[in-house]
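Notes follow once the structure below has been shown.
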Amino acid sequence: MQAAVKNVFVVGLDERNLEILRRTPTGRNCRFHQLLDLDELQAGEVDINPLIAKAERILDDFDGSVDAIVGYWDFPVTLLVPILCSSRGLPSASLESFVKCEHKYWSRLLQSEVIDEYPPFALVDLNDENVKPPESPGYPMWLKPVKSASSLLAFRVDDDEGFHEAVAEMREGIDMIGRPFEQILERVDLPPEISSVGGRTCLAEAAMHGVQAAVEGYVYKGEVVVYGSLDSIDYPASPVFLRHQYPSDLPDEVIGRMRDVAVKVIGKSGMDNATFSIEFFYDPVEEGLNVLEVNTRHSQSHARLFELVDGVPNHERMLRLALGQSPRLPDDMRGEFNVAAEWYHRRFDDAVVVRVPTPEEVAEVEESLPGVSIDEIVPEQGERLSEMAYQDSYSYELVKITIGAEDETEMRAKYERCVEELHFEFQEVDDSSDSTVQR
């Protein structure tokens, strides 16, 4: 007897992830519905309360059962999901547990209670006109809003001049996420040390060094489980990602240490019935380990990596949790490739986009290279790179590419082919030159 089809509402559902969701074992027996679109969730500063009211109306007006609500985008989606699930009694983490992780200062305070693997940190009051760099952590440091997304307004600072420049930029742009985040904070019973900080304050953290890695896991009925580890490789001499690679190439002992830290930190947050990931810096010389960030966002960008290597996208675990089912999968599952990565082809100078790859060029690349999918051409023709939303402070994404391969050497060769065959052209922004360059 076939099980009843489940209605799953996805906050910000997009076509790429819809295809992946439908390929999961659980997703084959689900009907997926978009709950709010990406434009209203990510275009500029969002107004949280009307968004929630609109989502509630959509759910109330639905002629059928609402069996699950999920999301895989960063703020505000991460925090809308527990709010909407709570009002309907659906499985989800509590809003408070997610805010504990997403508020960078609150997260650091909780980490300091259960682990030693975190950097020195301090608050920086942007409202203080005479604000000075904190004595600790000292330079070099990173300045970040206590709430951000996609490394927005994160600056590495090496001296007083850089500190004040970063503070000025943060004052200019922090409201876009900080103000809606404070609407979320109003729904949580905050301790005094967090309510006095709010959502529009800056955090200074000691600059960490080493290699970057992450663990991905879930919490089900109070048990914290880590099911995967990944490496994050930067562009040479740059703090921005070149690729996220699965599985991690770090020693088993280091992966075990990351797993132990994750269990303690997630346990302290009180999170349950949710997926998570935690990013780390590991120093192989001194064998030092530090938590960079705790992410409540389900890693949609890793879905294809798990599918290519393990045979099932990590969306399967998200769906099972949302439907109140155990997310544990068989240990012997295998995919088509030994290694996979999401690559970020970037440009580091501002320009106007004159040409982007055509759909025919994208299809030709995908057909000629097994295990390759062009996930997103980020800029549009005619768009200025510096005006794109949700870019980091140092680069501009051009295209996201997922690649599966037998080994890292083959994977790099596939990436270089993609960069060579996906043709972009740019108009330099410098008024003294009207030349176009092809890259």
Side-chain angles (χ1 to χ4, degrees), residues 38-49 51 73-79 99 102-108 121-134 137 139-186 194-207 238-241 292-293 346-353 378-380 383-397 429-431:
L38 280 177
D39 285 342
E40 57 191 330
L41 290 163
Q42 295 183 345
E45 182 180 329
V46 299
D47 193 346
I48 293 294
N49 294 327
L51 271 182
W73 298 109
D74 213 326
F75 181 84
V77 173
T78 47
L79 301 181
V99 170
E102 293 200 21
H103 192 293
K104 294 183 188 297
Y105 181 60
W106 198 354
S107 181
R108 288 301 191 201
F121 63 94
L123 286 173
V124 174
D125 185 1
L126 298 178
N127 293 318
D128 181 357
E129 290 299 323
N130 300 311
V131 63
K132 296 179 180 179
Y139 298 122
M141 69 174 74
W142 278 84
L143 291 186
K144 310 172 183 179
V146 294
K147 178 59 196 157
S148 185
S150 302
S151 300
L152 187 68
L153 294 179
F155 300 95
R156 180 187 166 98
V157 175
D158 295 299
D159 52 34
D160 286 359
E161 181 181 1
F163 175 85
H164 290 293
E165 288 176 354
V167 165
E169 288 203 45
M170 221 169 277
R171 284 172 175 158
E172 183 72 22
I174 199 168
D175 283 355
M176 188 177 77
I177 291 180
R179 199 147 43 193
F181 184 51
E182 288 183 341
Q183 289 182 277
I184 296 286
L185 295 182
E186 292 173 357
I194 302 303
S195 61
S196 62
V197 170
R200 286 180 281 177
T201 303
C202 172
L203 188 67
E205 297 183 345
S238 170
V240 300
F241 292 131
L292 173 61
E293 191 168 62
R346 304 176 186 267
R347 181 181 168 93
F348 289 82
D349 298 316
D350 194 11
V352 174
V353 182
V378 180
E380 296 180 0
E383 187 172 20
R384 182 166 175 170
L385 295 175
S386 60
E387 295 176 354
M388 296 193 303
Y390 294 102
Q391 300 299 300
D392 64 53
S393 303
Y394 299 94
S395 72
Y396 309 103
E397 287 182 25
V429 173
D430 187 351
D431 292 335

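Here, residue 1 is the first one in the sequence, and each next residue gets the next number.
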Report task. Quick one: pull up SG in Cys202 and CG in Leu126 and give me the separation to the nearest 0.5 Å. Result -> 5.5 Å

Report summary line: Nearest heavy-atom contact between Met170 and Pro145 is SD-N, 4.0 Å

**Report entry** Whether Trp142 and Tyr394 hold their rings parallel, tilted or perpendicular, with breakpoints at 30° and 60°
**Finding:** perpendicular

Requested in this report: Tell me, yes or no, whether the heavy-atom count around Glu45 atom CD, taken from other residues, nucleotides or ligands under 6.0 Å, exceeds 12.
Outcome: yes

Query - Residues Glu205 and Lys104 bridged, charged N to O under 4.0 Å - result: no

Query raised in the report: From Asn49 CG over to Glu186 CD, what is the distance, rounded to the nearest 0.5 angstrom?
Result: 7.0 Å

Query - Rounded distance [0.5 Å steps], CZ in Phe75 versus CD in Glu102 - result: 7.5 Å

Query raised in the report: With sequence neighbours excluded, what pairs up with Glu182 under the side-chain contact (heavy atoms from CB on, under 4.5 Å) test?
Result: Leu185, Arg200

Query raised in the report: CG/Asp159 to NE2/His164 distance, rounded to the nearest 0.5 angstrom?
Result: 9.5 Å

**Report entry** Closest heavy-atom pair and its distance - Ile174, Leu153
**Finding:** N-CD1, 3.7 Å

**Report entry** Point-to-point distance, once rounded to the nearest 0.5 Å, from CG of Asp125 to CG of Leu123
**Finding:** 8.5 Å

Query - For Val46 against Leu41, the heavy-atom pair lying closest together - result: CG1-O, 3.5 Å

**Report entry** Check against side-chain contact (heavy atoms from CB on, under 4.5 Å), His103 and Val197
**Finding:** CA-CA 10 Å; His103 192 293; Val197 170; 4.0 Å; yes

Query raised in the report: Is it true that Asp158 and Arg156 have a side-chain N and a carboxylate O under 4.0 angstrom from each other?
Result: yes

**Report entry** Within-4.5 Å side-chain heavy-atom neighbours: Arg346 and Ser238
**Finding:** no

Query - Considering all heavy atoms, the nearest Tyr139-Pro133 contact - result: OH-CG, 3.1 Å

Report task. Determine the minimum heavy-atom distance between Gly199 and Phe181, stating which atoms define it. Result -> CA-CD2, 3.9 Å

Requested in this report: Kindly indicate, with the supporting measurements, whether the criterion side-chain contact (heavy atoms from CB on, under 4.5 Å) is fulfilled by Val353 and Glu380.
Outcome: CA-CA 7 Å; Val353 182; Glu380 296 180 0; over 6 Å; no

Query raised in the report: Do Asn130 and Lys132 come close enough that some side-chain heavy atom pair is under 4.5 Å?
Result: no

**Report entry** Interatomic spacing from CG in Asn127 to CZ in Arg171 - rounded to 0.5 Å
**Finding:** 8.0 Å

Report summary line: Between Ser148 and Asp74, the two heavy atoms sitting closest are O-OD1, 4.5 Å

